[in-house]
A.B. asks: 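If you scroll down you'll find the structure; I have some questions about it.
No experiment lies behind these values; they were computed from the predicted model shown.
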Protein chains: 2
Amino acid sequence: MPEELQRAKAPSIRDVARLAGVSHQTVSRVLNNHPSIRPETKQRVLDVMERLQYKPNRAARALVTSRSRTIGILSASSTQYGPASSIAAIEEAARASGYWVSTANIESVDARSIADGLAHLAAQGIEGLVVIAPQVRVFDTLAQLSIDVPYVSLQSTGRDPDHALSVDQIAGARMATRHLIGLGHRSIYHLAGPQDWIEAEARMRGFLEEMSAQDVPTTAPILGDWTADFGYWAGRELLTVRDFTAIFASNDQMALGLMHAVRDAGLEIPRDVSIIGFDDIPEAAHFWPPLTTVRQDFAELGRRCVALLLGDIEDWPDDQGGTIVPELIVRDSTGRPAF
Amino acid sequence: MPEELQRAKAPSIRDVARLAGVSHQTVSRVLNNHPSIRPETKQRVLDVMERLQYKPNRAARALVTSRSRTIGILSASSTQYGPASSIAAIEEAARASGYWVSTANIESVDARSIADGLAHLAAQGIEGLVVIAPQVRVFDTLAQLSIDVPYVSLQSTGRDPDHALSVDQIAGARMATRHLIGLGHRSIYHLAGPQDWIEAEARMRGFLEEMSAQDVPTTAPILGDWTADFGYWAGRELLTVRDFTAIFASNDQMALGLMHAVRDAGLEIPRDVSIIGFDDIPEAAHFWPPLTTVRQDFAELGRRCVALLLGDIEDWPDDQGGTIVPELIVRDSTGRPAF
DNA sequence: TCTCGGCATGTGCACGGTCACATTCGCCGG
DNA sequence: CCGGCGAATGTGACCGTGCACATGCCGAGA
């Protein structure tokens with residue numbers, strides 16, 4: 001029997017050291033590629049590592065360095081396209097830099113859930129935090145738990161510019177609004193997102209800014225919840241009066257729901273009503289009609305987010321910072337008003 | 001000055017022990033709620049913990065117990081609704097059981113990316129693995145890397161029943177197909193998913209089974225890639241011949257693309273063509289027309305997945321196992337064929 | 001020739017928990 | 001009155017790494 005009780009335990013640096021005929025510290029030096037090591041010694045150690053299938057023990061290293069090399073993500077809506085894309089990009093970028101990513105998804109955004117999620121991440125000793133959730137509440141909780149790590153919010157905000165990163169939501173919202181006004185619309189509603197999402201607030205702000213900049217009378221925005229269901233419901237309500245020619249929805253899902261309601265009412269898009277969305281989810285090009293919207297590069301956002309965070313963690317020089325400019329994608333759901 | 005150099009370091013069990021006037025081992029016993037400990041002692045220790053804001057150090061514990069309490073997720077399409085929902089549910093269930101979740105998203109499914117992702121998770125000492133990706137390749141790689149942890153695949157498969165968990169894809173596909181046949185369709189195409197996704201294969205199998213069970217002549221399935229773009233493209237191709245009255249798309253996104261192509265060709269759904277999808281993403285109810293589809297409970301899937309995995313890790317008795325039955329959701333995209 | 005400095009390497013301890021094995025003490029049965 | 005047992009607690013080692021410091025060696029400069 002050539003191999004007996006194989007399922008022993010993983011080799012440690014001392015095992016490697018013994019077989020390579022060096023001290024464990026030399027092995028450690030090879031691992032952290034310390035300069036002062038003779039090439040032949042290094043090679044010998046590397047050979048043994050290969051032979052033994054040696055893998056460094058993360059826990060041991062974390063214990064002694066008190067560095068977890070883990071980034072936490074607190075997300076409130078990870079099933080949506082935008083957040084999910086950013087999360088994937090974050091994970092990838094972090095992995096490329098030798099970091100791990102641990103997520104805490106919270107389904108409701110009450111204080112309790114937020115605290116649970118944050119505590120869970122904190123217990124893991126995260127070195128950085130990415131927040132994709134209504135920030136106001138999260139940051140309050142963050143302060144209460146006295147968690148003190150670099151953090152970045154994946155949203156736009158005026159309050160906390162050092163820690164925010166985002167596609168320029170205001171610019172995007174202004175683009176969308178300008179597009180509608182440019183087509184001749186003067187009665188435009190805005191279907192906003194939940195107001196504790198700074199993202200939603202920024203889009204609303206952009207809408208209002210552009211409306212007043214162009215001297216178009218403004219209507220009160222309607223506060224939604226990002227879902228297509230809400231869009232549908234809001235659309236039905238709005239159509240009972242029908243005092244508008246265009247609607248700017250704060251995301252593509254709500255735009256979809258709106259279009260559904262408009263068609264249900266026997267109206268045509270864009271002949272009777274123009275609709276514009278926000279995000280450019282991959283499906284938007286295939287809606288009926290294909291949706292005019294504002295594209296955000298979520299993946300780029302995720303990557304920059306990691307760069308910002310790691311810059312903070314590892315004390316890199318100033319990052320390029322800045323916001324990402326969104327792009328207006330004109331399709332068929334917007335047109336000139338009928339009258 | 002009452003508080004000087006506060007930013008010291010986190011308290012350890014020895015700090016707690018000292019202030020509570022007990023040994024560090026007693027503190028450890030409190031942490032692991034060992035039975036033999038006097039209630040008053042326990043309370044004293046707990047009080048000190050509270051006062052010091054003591055938090056156990058995960059790395060130290062992992063080092064000595066050689067248990068990471070971490071579950072890894074390897075995902076190839078985390079931005080899609082289904083996988084994202086399952087991931088969120090997994091994370092939540094794991095957290096409730098005191099486990100952490102670490103994800104590795106791979107954008108391409110080549111051997112290299114898979115190996116990278118798995119190595120990354122392995123380096124972390126995961127105790128269980130969830131795979132949401134084309135399994136064939138993944139499991140080959142898994143074997144090669146000699147990673148030896150309990151794993152579960154979130155898909156249906158005949159090959160590896162002990163490690164798979166899923167909504168019963170075959171049953172769902174048969175439901176969808178039966179629905180079309182029941183409406184009177186006899187020329188039905190199937191737009192399948194990528195064939196190395198066992199999920200896709202199972203749906204295709206269900207389609208073929210039902211077709212032959214009902215003696216309906218079968219056409220060769222078209223192999224897609226899950227995207228709406230592909231659905232649109234495939235739809236255009238199919239419509240150049242137009243020898244069908246219904247299409248069963250393997251997911252809702254492809255169904256959306258198909259509907260787009262059908263409308264582009266000046267046809268009406270379901271009058272000229274019936275279309276049925278799979279998944280019931282939240283948007284499906286607002287497509288035009290609202291999509292008939294097969295609903296999967298992704299969240300339940302994620303929860304059961306964790307139960308299965310933890311059962312394996314912690315040596316629980318047999319789990320309830322079994323598959324989850326999907327549900328046919330009839331909306332307006334399917335109807336009787338015109339002739 | 002001796003000292004000094006830098007390179008290559010080794011020695012021992014610390015990190016913060018848990019585990020195996022004492023130790024103390026009170027109580028009970030013979 | 002003594003031995004034994006179990007409850008409650010303490011002692012020291014150990015997990016796998018990295019760090020501070022020591023050591024030996026070799027070459028250069030005094």
A.B. asks: Determine: side-chain N/O of A:Ser28 to OP1/OP2 of D:dG18, distance under 4.0 Å, yes or no.
C.D. replies: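 True: A:Ser28 side-chain N/O within range (under 4.0 Å) of D:dG18 OP1/OP2.
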
A.B. asks: Nearest whole Å is fine: how far is D:dG18 P from A:Ile13 CD1?
C.D. replies: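 After rounding, the reported distance stands at 6 Å.
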
A.B. asks: Once you round to the nearest 0.5 Å, how far does CG of A:Leu52 lie from NZ of A:Lys55?
C.D. replies: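 The distance works out to 10.5 Å.
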
A.B. asks: Using the test ring pair (Phe, Tyr, Trp, His ring centres under 6.0 Å), find all partners of A:Tyr54 that sit at least two apart in sequence or belong to another chain.
C.D. replies: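 Once residues adjacent in sequence are excluded, A:Tyr54 has no partner under the ring pair (Phe, Tyr, Trp, His ring centres under 6.0 Å) criterion.
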
A.B. asks: Salt bridge check, A:Arg69 against A:Glu127: does any charged N sit closer than 4.0 Å to a carboxylate O?
C.D. replies: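 Salt bridge absent between A:Glu127 and A:Arg69.
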
A.B. asks: Dump the pairs, protein N or O against N or O of nucleotides 24-27 of chain D, anything under 3.5 Å, distances to one decimal.
C.D. replies:
none

A.B. asks: Nearest whole angstrom, please: distance from the C1' of D:dC15 to the CZ of B:Arg67.
C.D. replies: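 That distance rounds to 16 Å.
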
A.B. asks: Is the closest basic N to carboxylate O distance between B:Glu91 and B:Arg95 below 4.0 Å?
C.D. replies: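 Salt bridge: yes.
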
A.B. asks: Hey, are the side chains of B:Arg14 and B:Val27 touching, using non-hydrogen atoms and a 4.5 Å cut-off?
C.D. replies: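 No. Closest side-chain heavy atoms not under 4.5 Å.
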
A.B. asks: Assess the residue pair B:Tyr99 and B:Thr70 against the criterion (side-chain contact (heavy atoms from CB on, under 4.5 Å)); give the C-alpha distance rounded to whole Å, side-chain angles, the decisive distance to 0.1 Å, and a yes or no.
C.D. replies: CA-CA 5 Å; B:Tyr99 277 73; B:Thr70 299; over 6 Å; no

A.B. asks: C:dC15 P sits how many Å from B:Arg58 CZ, rounded?
C.D. replies: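 Rounded to the whole Å, the gap is 21 Å.
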
A.B. asks: Nearest-Å distance, CG (B:Asp15) to C1' (C:dC15)?
C.D. replies: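 Distance check: B:Asp15 CG to C:dC15 C1' gives 12 Å.
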
A.B. asks: Supply the atom-to-atom distance A:Ile73 CD1 to B:Thr103 OG1, rounded to the nearest 0.5 angstrom.
C.D. replies: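 Rounded to the nearest 0.5 Å, the CD1-OG1 separation comes out at 6.5 Å.
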
A.B. asks: Quick one: do A:Arg112 and A:Asp116 make a salt bridge, cutoff under 4.0 Å?
C.D. replies: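 A salt bridge links A:Arg112 with A:Asp116.
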
A.B. asks: Quick check on contacts: within residues 33-43 of chain A, what sits under 4.0 Å from DNA chain C by heavy-atom distance?
C.D. replies: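 A:Ser36, A:Ile37, A:Arg38, A:Thr41 - these, ordered by number, are the residues of the stretch whose heavy atoms sit under 4.0 Å from the strand.
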
A.B. asks: Whole-Å distance between D:dT17 C1' and A:Arg61 CZ?
C.D. replies: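 To the nearest whole Å, that distance equals 8 Å.
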
A.B. asks: Quantified as the angle between the terminal helix axes (five pairs each), what is the overall bend of the helix from C:dT1-D:dA30 to C:dG30-D:dC1 to 10 degrees?
C.D. replies: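 End-to-end axis angle for the helix from C:dT1-D:dA30 to C:dG30-D:dC1: 60°, rounded to 10°.
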
A.B. asks: Polar atom pairs between nucleotides 10-14 of chain C and protein, under 3.5 Å, N or O only, would you list them?
C.D. replies:
from   : atom 1 : to      : atom 2 : distance (Å)
C:dG10 : OP2    : A:Ser23 : N      : 2.8
C:dG10 : OP2    : A:Ser23 : OG     : 3.0
C:dG10 : OP2    : A:Thr26 : OG1    : 2.5
C:dG10 : N7     : A:Arg29 : NH1    : 3.4
C:dG10 : O6     : A:Arg29 : NH2    : 2.7
C:dG12 : O6     : A:His24 : NE2    : 3.4

A.B. asks: Could you tell me whether A:Asp47 and A:Arg44 have a side-chain N and a carboxylate O separated by less than 4.0 Å?
C.D. replies: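 Looking at A:Arg44 together with A:Asp47, the answer is no, because their closest N to O distance does not fall below 4.0 Å.
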
A.B. asks: Please examine the side chains of A:Trp100 and A:Ser68, heavy atoms only from C-beta on, and report whether any two atoms are closer than 4.5 Å.
C.D. replies: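 No, their side chains stay 4.5 Å or more apart.
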
A.B. asks: Given atom CG of B:Leu63 and atom C1' of D:dA13, what is their separation to the nearest angstrom?
C.D. replies: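 Distance, rounded to whole Å: 13 Å.
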
A.B. asks: Could you name each residue pair satisfying side-chain hydrogen bond (donor to acceptor under 3.5 Å, both in side chains) that touches residues 81-90 of chain A, not counting sequence neighbours?
C.D. replies: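 Not a single pair qualifies under side-chain hydrogen bond (donor to acceptor under 3.5 Å, both in side chains).
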
A.B. asks: Mind checking whether A:Gln80 and A:Pro83 have side chains closer than 4.5 Å, heavy atoms only?
C.D. replies: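 Result yes, sub-4.5 Å side-chain heavy-atom pair found.
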
A.B. asks: In Å, rounded to the nearest 0.5 Å, how long is the span from CD of B:Gln43 to CD1 of B:Ile37?
C.D. replies: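 The distance works out to 11.5 Å.
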
A.B. asks: Which of these nucleotides, D:dG18, D:dG16, C:dT18, is closest to any side-chain atom of B:Asn32?
C.D. replies: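 When the side chain of B:Asn32 is considered, C:dT18 is the closest of D:dG18, D:dG16, C:dT18.
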
